[in-house]
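Note that the coordinates shown come from a computational prediction; the quantities given were computed from them, not determined experimentally. By convention in this document, chain letters (A, B, ...) are assigned in the order of the sequence lines, proteins followed by strands, and residues within each chain are numbered from 1. Below, each value reflects all heavy atoms present in this structure, side chains not excepted, and no hydrogens, waters or symmetry copies.
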Amino acid sequence: SPHHNSLTLKGLSAEEEYPDLSQHNNHMAKVLTLDMYRRLRDRATPSGFTIDGVIQTGVDNPGHPFIMTVGCVAGDEETYEVFKELLDPVISDRHGGYKPTDKHKTDLNSNNLKGGDDLDPNYVLSSRVRTGRSIRGFCLPPHCSRGERRAVETLSIEALASLTGDLKGKYYALKNMTDAEQQQLIDDHFLFDKPVSPLLLASGMARDWPDARGIWHNDNKTFLVWVNEEDHLRVISMQKGGNMKEVFNRFCTGLTKIETLFKERGHAFMWNEHLGYVLTCPSNLGTGLRAGVHVKLPNMSKNAKFEEILKRLRLQKRGTGGVDTAAVGGVFDISNADRLGFSEVELVQMVVDGIKLLIEMEKRLEKGQSIDDLMPAQK
Amino acid sequence: MPFGNTHNNFKLNYKVEEEYPDLSKHNNHMAKVLTKEIYGKLRDKQTPSGYTVDDVIQTGVDNPGHPFIMTVGCVAGDEESYEVFKDLLDPVICDRHGGYKPTDKHKTDLNFENLKGGDDLDPNYVLSSRVRTGRSIKGFTLPPHNSRGERRLIEKLSVEALTSLDGEFKGKYYPLKSMTDAEQEQLIADHFLFDKPVSPLLTCAGMARDWPDARGIWHNDNKTFLVWVNEEDHLRVISMQKGGNMREVFRRFCVGLGKIEEIFKKHNHGFMWNEHLGYILTCPSNLGTGLRGGVHVKLPKLSTHPKFEEILTRLRLQKRGTGGVDTASVGGVFDISNADRLGSSEVEQVQLVVDGVKLMVEMEKKLEKGEAIDSMIPSQK
């Protein structure tokens, strides 16, 4: 039975079980009607994930002050099929009207990126591209067992250990890191902590911490892989300054090598032609890619048109501490807003072009000049 | 528990060694008991409601140890957990409850007249007195595991029962989710309001799911009798007042609890109870009486005495900070309560508190005068 507690014994109805979403403001709450819940409550994926597992984080977290949260997660690849009645509209709302029949394009050829090697380092402090990958055949972080999580770690360590050249590196398991290693990883801003965000905790992603979690990075400290945090793998390319092109080159090269290594070991990444790369959070479907910079825009940030400009450029701002934080001292984390329906190259291009424009605008405002003629059209 | 790996149908494809948690850094009762062999034996079992051993232990896996207290590290999801997972829970119960054996019987005594004294603890030292317990309603699963529908039914039944109380127990129910700002302010000022749990001991066990749905607070007009609905247990029943008249607090506790139980029985919902474990609650540490009878008491000198811990142990008492189980004491004021829950009755446990606190206040007075307390050190109770 898909019911994981006694509701089959008690015969409780959909009305009695339907969550109270009256105070809620997230994508799940906007979509999940009583009737939809009624239809979905008897279903389960082959691994046993149910609708209550999908929505728990959204029930427990009514709304986020800075960002419209998704409010639901996948527990495995099949979640997106079994619960499509909920997830298709959520995906559509979150990804700009993406339809169940749409196809997603993957392009990890960094040669296709135009420019991007010359963002002004007086403004752009650092550049970073990240994505996630899920390993087919295993449940996702909200639902995986300890055995599955450890198998994902073992496979990842094997694959990463065979990287060479600029990508040669080392794995640091969270649970037996030395104090010295930990301090170094903190200083490098590489170490990820046990999640504290209630968005993640409520979905069960922190279970059994720090078992089978770890960080791998190359000797040059420009390519980093997180194992078993919010996704099976998070792959990050980063460096100081504004050479986004180089960051993206390394990103594509490294990712492609890793994918090959996994395939050689009989493990594909979760991917399909409709949703692209399949990840835990529906917001990361498609490319799963967030390319961004830390950039100083103190004047722009006070400009009345800042939000509108970002929107037209298809960019998003965050504080420099990550998704749940606010900006400090006029320094923003600016990244692509889209994930699905655009390729990797297209998204990084938007960041490169958009940041270039924003810096131009910042320089104008510094001189007390108008930026009206620079206003972009909606991309 | 909807997000657990517990209902992951693939985990039995992995070997025991692959699924067995890493407890090498852990210091809680579950970690001390759960061998790979026991885990192997229990991992494919579930209670009729679907609770598994991974559910039972998740809180203990996620919380390796607590600085002030040896935590239990496991919870029940329903009444049957204590039977289905007895290979784990019996030894945990034995360790936590002073050697309590699977064959032992527990005595219930809620006749307050059997308490001797307790009406005269010195209010210059004893700031407040309080007795609490929990109750679980038969036929429903417990807070780590219950569904929204079950939780709401528990709330409904509780509200019905409580609103029929009268006399000194006449009161009102305040559901957490529809409280006005004014009501919330007042409940905070009265120290009645319970928050969404932040303790990872509770959140990792899934008790905060769907907060604040079907959670609420009922209290009598006199503000001396309080019931929490759907927090860590189905019901938490609390009798409290300022000062040191523990006898009065206990009287009200027993009378009120008796009335509530009557009403629930009339509606065919008894409380979970059996002659071995007494009252069944979510945390194995609260089995038996589920009773914590305690005072907030000023013991600045005694608390810095080298024998303080030993005295408490011998008196079968426990200290906490005045903020509750996860806090430290402030300004020499301690929360002192009975350490035992199972294997002794309610009257016996409150008697230990009354007698023990009386003694410690006397010791404090001696120390204030610079006198020794060596002759007063009690023998082990």
Review point. At a heavy-atom separation under 4.5 Å, does B:D62 approach chain A through its side chain, its backbone, both, or neither?
Key: both
Exercise for review: Could you tell me whether B:R148 and A:D52 make a salt bridge, using a distance below 4.0 angstrom between a side-chain N and a carboxylate O?
Suggested key: yes
Point to revise | Stepwise side-chain contact (heavy atoms from CB on, under 4.5 Å) test for A:D208 and B:Q58 | key: CA-CA 7 Å; A:D208 314 310; B:Q58 191 69 59; 3.0 Å; yes
Study note, to complete from the structure: Between the CD atom in A:E16 and the CZ atom in B:R151, the distance rounded to the nearest 0.5 Å is 14.0 Å
**Study point:** A:I51 versus chain B, the contacting section by heavy-atom distance below 4.5 Å
**Key:** neither
Revision key, fill the gap. The interface call for A:Q23 against chain B, heavy-atom contacts under 4.5 Å, is neither
Point to revise | Residue among B:K25, B:E18, B:K196 with most heavy-atom pairs under 4.5 Å to chain A | key: B:E18
**Study point:** Inter-residue atom distance B:R209.CZ - A:Q56.CD, 0.5 Å rounding
**Key:** 6.0 Å
Study note, to complete from the structure: A:E17 and B:S147 have their tightest heavy-atom pair at OE2-OG, 2.6 Å
Practice item. For chain B, find which of A:F138, A:Y18, A:W209 contributes the most heavy-atom pairs closer than 4.5 angstrom. Key: A:Y18
Review point. Do NZ/NE/NH1/NH2 and the carboxylate oxygens of B:K177 and A:D20 come within less than 4.0 Å?
Key: yes
Point to revise | N-O pairing of B:D22 and A:K175 below 4.0 Å | key: yes
**Study point:** Segment of B:I57 engaging chain A (4.5 angstrom heavy-atom cut-off)
**Key:** side chain
Practice item. Please round to the nearest 0.5 Å and tell me the distance separating atom CZ of A:R150 and atom CD of B:E17. Key: 10.5 Å
Revision key, fill the gap. On a heavy-atom basis, the closest approach of B:N9 and A:P46 is ND2-O, 3.0 Å
Review point. Rounded to the nearest 0.5 Å, how far apart are CD of A:E148 and OH of B:Y14?
Key: 4.5 Å
Check your understanding: What distance do A:D76 atom CG and B:N8 atom CG have between them, rounded to the nearest 0.5 Å?
Key -> 8.5 Å
Review point. Non-hydrogen atoms of chain B under 4.5 Å away: do they reach the side chain of A:A151, the backbone, both or neither?
Key: side chain
Revision key, fill the gap. When rounded to the nearest 0.5 Å, the distance separating OG of A:S145 from CZ of B:R43 is 9.0 Å
Review point. Is the number of heavy atoms from other residues, nucleotides or ligands within 6.0 Å of CG (B:D44) greater than 12?
Key: yes
Review point. Are A:C139 and B:F10 close enough that some pair of their side-chain heavy atoms sits under 4.5 Å apart?
Key: yes
